Amino acid sequence: MPYWLMKSEPDEVSFDDVLAAPEQTVAWFGVRNYQARNFMRDQMQVGDGILFYHSSCAVPGVAGIAEVASGPYPDATQFDSAGKYFDPQATPAQPRWISVDVRAKEKGRYLPLSDMRAIPALEDMVLLQKGSRLSISPVTSGQWNTILAFIREQR
DNA sequence: GCCAACGTTGGC
DNA sequence: GCCAACGTTGGC
């Protein structure tokens, strides 16, 4: 499954933040859902494509293209007792949550969620299903190619 | 801020 | 193992 959509709240980590980071790479921290964690742990491969999605903001949508830049490793925030992602049941010997590194690749035209809903080729996207809240979801190659074409469209 | 939908927890 | 209650997500 080589393509993924990953949600980030831009107030926390925006696509521009990733572009501005060293090596245009950040750790994807804070996933606290087992299904999303399992995608990172069991299925992601270095080099997989990522649609970097902005959620919980004025205009949610795909903000850019990124790629998986590392294998899975323990999410450091689960051990930080002062942080909001602290998990008292996680220990370094038995971590519960994991991160992968994500590298920004390409920023094109912003593709709002409302536009995505109007594109027939995207109607089966996990993101667009009623009640879907998964922060990491698989994307088919057809969906990926459709979205890439929109992102690269000239205004 | 509202609220629908979903995931998790915990009593039984 | 069931399921009600609660907490969270996330668009609007």
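To find a chain, count down the sequence lines: A is the first, B the second, and so on, and within it residues start at 1. This one's a predicted model, so the numbers in the text were calculated from it and none came from an experiment. The figures that follow rest on heavy atoms only: side chains count, while hydrogens, waters and symmetry mates do not.
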Set out, line by line, the N/O atom pairs under 3.5 Å between protein and nucleotides 7-9 of chain C.
residue	atom	partner	partner atom	Å
C:dT8	O2	A:R133	NH1	2.8

Practice prompt. For the residue pair A:Y3 and A:W144, categorise the inter-ring angle as parallel (less than 30°), tilted (30 to 60°) or perpendicular (more than 60°).
Written response: parallel
Notebook entry, point to check: Would you call the rings of A:Y110 and A:H54 parallel, tilted or perpendicular, where under 30° means parallel and over 60° means perpendicular?
Noted result: tilted
Where do A:F150 and A:M116 land on the side chain to side chain contact (heavy atoms under 4.5 Å, CB included) test, with the steps shown first?
CA-CA 10 Å; A:F150 273 83; A:M116 296 172 73; over 6 Å; no
**Prompt:** Under a 4.5 Å cut-off applied to non-hydrogen side-chain atoms, are A:V18 and A:T25 in contact?
**Reply:** no
Closest of C:dG10, B:dA5, C:dC12 to the A:K130 side chain is B:dA5
Kindly say whether the aromatic ring centers of A:W97 and A:Y34 come within a distance under 6.0 Å.
yes
Residues pairing under ring pair (Phe, Tyr, Trp, His ring centres under 6.0 Å) where one sits in residues 71-94 of chain A, two or more places apart or in two chains, turn out to be A:F29-A:Y85
Taking five pairs at each terminus, the helix from B:dG1-C:dC12 to B:dC12-C:dG1 shows an axis bend, to 10°, of 10°
message: Is there a side-chain hydrogen bond (donor to acceptor under 3.5 Å, both in side chains) between A:D80 and A:T77? Walk through the geometry before answering.
response: CA-CA 5 Å; A:D80 174 7; A:T77 63; over 6 Å; no
Paired with A:Y53, the side chain to side chain contact (heavy atoms under 4.5 Å, CB included) test is passed by just one of A:S137, A:P10, A:P60, A:S8, namely A:P60
Output the rounded distance in Å from [atom1] ([X]) to [atom2] ([N]).
X      : N      : atom1 : atom2 : value
A:M116 : C:dC12 : CE    : P     : 12 Å
A:M6   : C:dG10 : CE    : P     : 13 Å
A:Y34  : B:dC6  : OH    : C1'   : 16 Å

Side chains of residues 123-135 of chain A: which donor-acceptor pairs under 3.5 Å do they make with residues two or more places apart or in other chains?
residue	atom	partner	partner atom	Å
A:Q129	NE2	A:E123	O	2.9
A:Q129	NE2	A:M125	O	2.7
A:S132	OG	A:V126	O	2.9

Taking only nitrogen or oxygen atoms into account, show me every contact under 3.5 Å that the protein makes with nucleotides 1-3 of chain B, one pair per line with its distance.
none

Quick note, salt bridge (charged side-chain N to carboxylate O under 4.0 Å, His left out) partners involving residues 21-34 of chain A, not counting sequence neighbours, are A:R32-A:D75
